[in-house]
Every structure is written in C-alpha cells, then in structure tokens.
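One structure is given below, encoded as structure tokens.
Values below: all heavy atoms of this structure, side chains included; hydrogens, waters and symmetry mates excluded. This structure is a prediction, so every number in the text was calculated from the model and none was measured.
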Amino acid sequence: MKALVRYGNSADEMEIRDVEVPIPSDTQALIRVKAVGVCGTDVHMYHGEIETPVPITIGHEFCGIVESTGSKVTKVKKNDRVVSRLNVGVCGTCIPCLKGSPHMCKNRKTPGVVADGADAEYICMDESQLIVISEKIEDQYAAIVEPMAICAHALERCPVENEDTVVVFGPGPIGLIAAQMAKLSGASKVIIVGTDVDEKARIPAARKLKIDYIFNASKEDVIAKVLELTKGQGADLVIEASGAEPAINQAIDVVRRHGRLCVVGLPGKAKTSVKWSLAATKAISIIFSYSSSPYSWNIALSMLGRGAFDAEPIVTHVLGVEQYQEMFEEIAKGNVVKGVFIP
C-alpha cells in the first residue's frame, strides 16, 4: 500500500512509499482510511522541528471504514465507519490510567508520532479505541474529530459557565473549534484574537462562523477592547490556543479577577516569560489541558452528528496525500485553516 513516510528527522525528509498492509491482531480491526486531518505536529515534522522514530508513517486524525477484524473483536464489524481514539500502549495501572485519563499515561504510543499512523491506505487499531460514527458526518469533517475532542476536553477541565464572556487567543483550528464550543456551552459573548498572519484564512473563517467579536492584536488594543466589552471587569474565561508568549501575557491581562485561564496552546520553546505576579494578584485559576479524554470524543461526535457544530469554514483544503508538499507549502503561506489528506 502507499503511505506518507517520514524517513529522517531533518526538513523535507518525507516521501510516498510502498509499505506492507498491516495485519490486525485478535483485538484489532483493519481500517481502510478515508480522510486524515493535518495536525500541527505533522507540519513540525515536515519542517524538521521535532524528532520522532524513523521511518514512520505520519498522521493521526483520521476516519475510515472497517475492512476486517481480529477473531476477538465484537464491538465493530466490517463496513462500519469509525474514528479512533489514540490511547495505544497505555499501561492501565498508573494514576492517570486508573483515574480515567489514559491519554496522560507516559507509556502512550500515539499513532503517527511514535507508531505508524494513518496517512496510508490502511491502519490497524484496537477495537477499544474505535467509535462507530453517523453516516451524516462527511469524511473530511470526521477527520477533525480528534482536535474537536481536544477542545471538548479543555472545556471539561475548565467549563464555560452560563453567560460567561470568553476570549480565545489564536484563531487556528483549535481556537476556532474552542470558540464554537464555548458558544454552544452557554457563553454570552465569544471574542477571538489573532494577528496579521491570520488575516489570509483564519480571521475570514472566524467571520464565517459568526464569532461575536474578532480582534487583530497587531492593529488593535485588545486589552482595551475586552475591558470595554466587559465594563472594566475583564473576561470570565480565557482560552489560550496560540502558545505565543505575547498572547499568553495578554490572556493574563484580559482575564478578570478570580477568572479562569485555560491553556491549550503549546509554546514552541522550553521557557516562556509570563506575567506571574499579575496572575497571582488577580488570583486567577490556571488550568492546563493536553490531548483528549476518552469521553471528549463522544461530545465532539454528538456536536457534529446533530449539526450543532459548523465544520465547513474550518476545513479549507482537501488534497490527495500524494500532494503533501503542496499542502505543507500552503500551510506555511498562511492559506490553510485546516487541511485534510485523502489517501
């Protein structure tokens, strides 16, 4: 079968290769991949910015159709449309596993990052990770359930309260998804903040999604704007989805006293200078959220399946996986909100 394989840890060390079709174990299903979301991790790999085991087939945000099953599989059957959680290789005995957070197990081996992933014609996954999905959900939108689950989990950890004013920093896929989910969860006002680099694709997407207020921090005084909208109080909840140091500090500036800061964005450097004293004197609650809990996938699928969540403005580019170079180049130019590969 054809697969997009990373064969080295330097920039551009990827190519389409012929690899063996995987053989499912007794508890696995062989899945014919239909669509794969392009994650920021994939982009970092393409540019040689992170190290992974090599060679490795990349891609982990996928949907597909069950082709065959192992002898002990009972939860899915041939021709089921599925998405898959990514908790492969977890131990089941550490504190996170025992408390229902297998995504935080240190033994987790995420497909496409540590083990072979989904940018291929087929992938094998354990039946415990698979969720059968509605026929109403189109393939390219089912491929973004994983980032939706990340946002749903963030709002599990730091819930929106009724009539909250919510500010989201970073209008990338995670920020746009989080903004929509905040509105669906009862926020009275949702504000999203970007910069000049977001003007090509991401800010227009926010407009299509009818986010209540959209600010460009490169051109506007975001702190003043938020304080004006909240009568000087500040936002009840701020979701930091950019990982950028200026945005992190503006998030602390705009959150109200005793407000909540939910951190989802991953910074690109090991250390970040933060306004810690201001955060302390405001006595804000800071919650970090990473990856997705098992149940957050059900929340995401419910929102998609009943038509409450609008995925169309987020998925802007759908290309064959053999066009991977074009996809990564368009992402680098700022022309893509969310890309999806079709094997």
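One N or O on the side chain of D212 and one on the backbone of V190 form a donor-acceptor pair closer than 3.5 Å. Remark: side-chain polar atoms of S134 are paired, donor with acceptor, to backbone N or O of K136 under 3.5 angstrom. No side-chain donor-acceptor contact under 3.5 Å links N249 to the backbone of P246. Distance alone, capped at 3.5 Å, places no donor-acceptor pair between the Q250 side chain and the A247 backbone. The closest donor-acceptor contact from the side chain of K34 to the backbone of I342 lies at 3.5 Å or more, if one exists at all. Put simply, the side chain of S188 gets close to the backbone of E163: a donor and an acceptor are under 3.5 Å apart. Under the 3.5 Å distance criterion, the side-chain polar atoms of Q323 are left unmatched by any main-chain donor or acceptor of L319. In this structure a side-chain-to-backbone donor-acceptor pair under 3.5 Å is missing from S302 to N298. Formation of a donor-acceptor pair under 3.5 Å by the S101 side chain with backbone atoms of C97 is not found in this model. Side-chain atoms of E13 come within 3.5 Å of backbone atoms of S10 as a donor-acceptor pair (strictly under, hydrogens ignored).
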- request: Using the side-chain contact (heavy atoms from CB on, under 4.5 Å) rule, take I248 and T272 through it: C-alpha gap first, then chi angles, then the decisive distance, then the call.
  value: CA-CA 9 Å; I248 294 167; T272 301; 4.0 Å; yes
task: Report the C-alpha separation of E228 and K225 in whole Å, then their side-chain angles, then the decisive distance to 0.1 Å, and conclude whether the salt bridge (charged side-chain N to carboxylate O under 4.0 Å, His left out) test is met.
output: CA-CA 5 Å; E228 181 182 356; K225 293 275 189 181; 5.5 Å; no
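Here D116 pairs with nothing under the salt bridge (Lys or Arg N to Asp or Glu O under 4.0 Å) rule; sequence neighbours left out. By the side-chain hydrogen bond (donor to acceptor under 3.5 Å, both in side chains) test, E138 pairs with Q140, sequence neighbours left out. Partners of S185 by side chain to side chain contact (heavy atoms under 4.5 Å, CB included), not counting sequence neighbours, listed by chain and number: L155, V160. Not counting sequence neighbours, R157 has no partner by the salt bridge (Lys or Arg N to Asp or Glu O under 4.0 Å) test. Take K282 and apply the salt bridge (Lys or Arg N to Asp or Glu O under 4.0 Å) test, not counting sequence neighbours, and it matches no residue.
Using bins of under 30°, 30° to 60° and over 60° for the plane-to-plane angle, the ring pair Y46/F328 lands in the parallel bin.
The hydrophobic clustering, which links ILVMFWY residues whose side-chain heavy atoms are closer than 4.5 Å, places V263 and Y290 apart. Follow the hydrophobic side-chain contacts under 4.5 Å out from V254 and you never reach I287; the two are in separate clusters. By the rule that hydrophobic residues join a cluster once side-chain heavy atoms approach within less than 4.5 Å of another member, V193 and V274 end up as members of one cluster. Residues F169 and I211 do not share a hydrophobic cluster, defined by chaining ILVMFWY side chains whose heavy atoms lie under 4.5 Å apart. Under the 4.5 Å side-chain heavy-atom criterion for grouping Ile, Leu, Val, Met, Phe, Trp and Tyr, I137 is not connected to F341 through any hydrophobic cluster.
Separating the OG atom in S292 from the CD1 atom in I150 is a distance of 6.0 Å, to the nearest 0.5 Å. The structure places CG of L237 at 10.0 Å from OG1 of T165, a figure rounded to the nearest 0.5 Å. Atom OH of Y141 is separated from atom CZ of F309 by 11.0 Å, given to the nearest 0.5 angstrom. Distance check: E240 CD to S289 OG gives 13.0 Å after rounding to the nearest 0.5 Å. Once rounded to the nearest 0.5 Å, the distance linking CG of L229 with NZ of K189 reads 6.5 Å. For the atom pair I239 CD1 and L261 CG, the distance stands at 9.5 Å (nearest 0.5 Å).
Annotation: side chain of C124 is not in contact with side chain of S25 (no heavy-atom distance under 4.5 Å). Side-chain contact check for M125 versus I31: some heavy-atom pair is nearer than 4.5 Å. At least one side-chain heavy atom of P22 sits under 4.5 Å from a side-chain heavy atom of M1. Contact annotation: the side chain of V82 never approaches that of I131 to less than 4.5 Å [non-hydrogen atoms, C-beta and beyond]. With contacts defined as side-chain heavy-atom distances shorter than 4.5 Å, the pair R85/P102 does not qualify. Side-chain contact between R108 and H103 is present, with heavy atoms from C-beta onward closer than 4.5 Å. Using a 4.5 Å cut-off on side-chain heavy atoms (C-beta onward), T69 and K78 make no contact. Taking the side chain as every heavy atom from C-beta outward, V168 and I191 never approach each other to under 4.5 Å.
Heavy atoms only, all atoms of each residue included: G170 and A241 are closest at O-CB, 4.1 Å. Nearest heavy-atom pair across I123 and P111 is CD1-CB, 4.5 Å. Residues I214 and E220 share a closest heavy-atom pair of O-OE1, 4.2 Å. Residues S84 and W297 come closest through the heavy atom pair O-CH2, 2.9 Å. Between V38 and V340, the shortest heavy-atom distance links the atoms CG2-N, 4.3 Å. Taking both residues in full, the closest heavy atoms of P343 and V321 are given as CA-CG1, 4.0 Å, listed atom of the first, atom of the second, then distance.
Using a cutoff of 4.0 Å between basic side-chain nitrogens and carboxylate oxygens, R32 and E67 are scored as salt-bridged. Salt bridge E127/K72: absent, no basic N to carboxylate O contact under 4.0 Å. We find that K338 and E61 are joined by a salt bridge, their nearest charged nitrogen and carboxylate oxygen being less than 4.0 Å apart. Salt bridge D310/K210: absent, no basic N to carboxylate O contact under 4.0 Å.
Heavy-atom neighbours of E15 CD from other residues, nucleotides or ligands within 6.0 Å: above the threshold of 12. Within a 6.0 Å sphere centred on NZ of K77, heavy atoms belonging to other residues, nucleotides or ligands number 12 at most. Remark: H47 NE2 is packed, more than 12 non-hydrogen atoms of other residues, nucleotides or ligands lying under 6.0 Å away. In this structure, F288 places its CZ atom where only 12 or fewer heavy-atom neighbours from other residues, nucleotides or ligands lie under 6.0 Å away. Atom NZ of K269 has more than 12 neighbouring heavy atoms from other residues, nucleotides or ligands inside a 6.0 Å radius. Within 6.0 Å of the CD1 atom in I23, the count of heavy atoms belonging to other residues, nucleotides or ligands does not exceed 12.
Looking only at atom types and distance, the side chain of E156 has a donor-acceptor partner in the side chain of S293 under 3.5 Å away. Residues E330 and N335 have side chains that bring a donor and an acceptor to within less than 3.5 angstrom of each other. For T57 and D119, the side-chain atoms include no donor-acceptor pair closer than 3.5 Å. Counting only N and O atoms by type, the side chains of T52 and R6 include a donor and acceptor under 3.5 Å apart.
None of R256, K183, R260 except one satisfies the salt bridge (Lys or Arg N to Asp or Glu O under 4.0 Å) rule with D164; the exception is R260.
Hydrophobic clustering, defined by side-chain heavy atoms of Ile, Leu, Val, Met, Phe, Trp and Tyr closer than 4.5 Å, leaves I65 isolated from every other such residue.
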